[in-house]
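Here is the structure we will look at.
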Amino acid sequence: MSAQSEGNYAEALQNYYEAMRLEIDPYDRSYILYNIGLIHTSNGEHTKALEYYFRALERNPFLPQAFNNMAVICHYRGEQAIQQGDSEIAEAWFDQAAEYWKQAITLTPGNYIEAHNWLKITGRFE
């Protein structure tokens with residue numbers, strides 16, 4: 001993790017891949033996968049990041065931070081679609097972001113206040 005915090009993402013990825021090879025506990029593996037997702041997010045590799053967040057959640061469905069990060073990526077893609085003039089695609093991305101944020105909020109009520117407000121403002125909070 002020190003390599004990651006120092007911004008040495010290539011070394012951090014190598015360390016995490018090695019940890020995945022050695023670690024057998026699903027809970028611990030979920031956090032390794034989550035951290036790999038973080039690195040891909042930081043590198044702007046959103047498709048890869050989503051893949052690793054999904055894999056982390058398969059092993060540990062109680063990672064609100066993974067749901068939040070997935071929502072942030074989907075929201076970002078929605079914003080990109082708006083800039084490209086495709087409101088239909090944007091709405092689909094925003095709807096997906098809403099679903100992920102709802103899961104994060106359900107797991108940790110009181111967290112993700114900005115997401116909660118966005119859900120209310122956009123009429124996506126049920």
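Positions are given from 1 along the sequence.
Asn68 contributes no side-chain N or O that, together with a main-chain N or O of Pro64, makes up a donor-acceptor pair within less than 3.5 Å. Of the possible donor and acceptor atoms, none in the side chain of Asn43 sits under 3.5 Å from a partner among the backbone N and O of Glu45.
Met70 is not connected to Tyr76 by any chain of hydrophobic side-chain contacts under 4.5 Å among Ile, Leu, Val, Met, Phe, Trp and Tyr, and they are in different clusters.
Between the CG atom in Leu33 and the CD1 atom in Ile36 there is a gap of 5.5 Å [rounded to 0.5 Å]. For the atom pair CZ (Arg29) and CG (Asn60), the distance works out to 13.0 Å, reported to the nearest 0.5 Å. Taking CD1 from Ile121 and CD from Glu114, the interatomic distance works out to 10.0 Å, rounded to the nearest 0.5 Å.
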| Chi angles and distances behind the ring pair (Phe, Tyr, Trp, His ring centres under 6.0 Å) call for His116, Trp101 | CA-CA 8 Å; His116 190 267; Trp101 269 322; over 10 Å; no
| task | Check the pair Ile105 / Leu119 against side-chain contact (heavy atoms from CB on, under 4.5 Å), numbers first and verdict last. | result | CA-CA 11 Å; Ile105 291 167; Leu119 290 167; 3.7 Å; yes
| field | Stepwise side-chain contact (heavy atoms from CB on, under 4.5 Å) test for His46 and Arg77 | value | CA-CA 9 Å; His46 295 150; Arg77 287 185 169 177; 3.6 Å; yes
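When all heavy atoms of Ser30 and Ala56 are compared, the pair lying nearest together is O-CB, 3.3 Å. The shortest non-hydrogen separation linking Gln103 to Phe67 is OE1-CE2, 3.2 Å. Taking each heavy atom of Leu107 and Leu63 in turn, the nearest pair found is CD1-N, 4.1 Å.
Between Trp118 and Phe94, some side-chain heavy-atom pair lies under the 4.5 Å cut-off.
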Tabulate below the donor-acceptor pairs under 3.5 Å that side-chain atoms of residues 48-55 make, not counting sequence neighbours, or state none.
unit_1: Tyr53; atom_1: OH; unit_2: Gly37; atom_2: O; d: 3.3
unit_1: Tyr53; atom_1: OH; unit_2: Leu38; atom_2: N; d: 3.4
unit_1: Tyr53; atom_1: OH; unit_2: Thr41; atom_2: OG1; d: 2.8
unit_1: Tyr53; atom_1: OH; unit_2: Asn69; atom_2: ND2; d: 3.2

Got a list of side-chain donor-acceptor pairs under 3.5 Å for residues 17-25, not counting sequence neighbours?
unit_1: Glu18; atom_1: OE1; unit_2: Arg21; atom_2: NE; d: 3.2
unit_1: Glu18; atom_1: OE2; unit_2: Arg21; atom_2: NH2; d: 2.7
unit_1: Glu23; atom_1: OE2; unit_2: Asp25; atom_2: N; d: 3.0
unit_1: Asp25; atom_1: OD2; unit_2: Tyr27; atom_2: N; d: 3.2
unit_1: Asp25; atom_1: OD2; unit_2: Asp28; atom_2: N; d: 2.9

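Listed by first then second residue, pairs satisfying side-chain hydrogen bond (donor to acceptor under 3.5 Å, both in side chains) with a partner in residues 88-99 read Glu91-Arg124, Asp95-Arg124, Gln96-Tyr100, Glu99-Lys102, not counting sequence neighbours.
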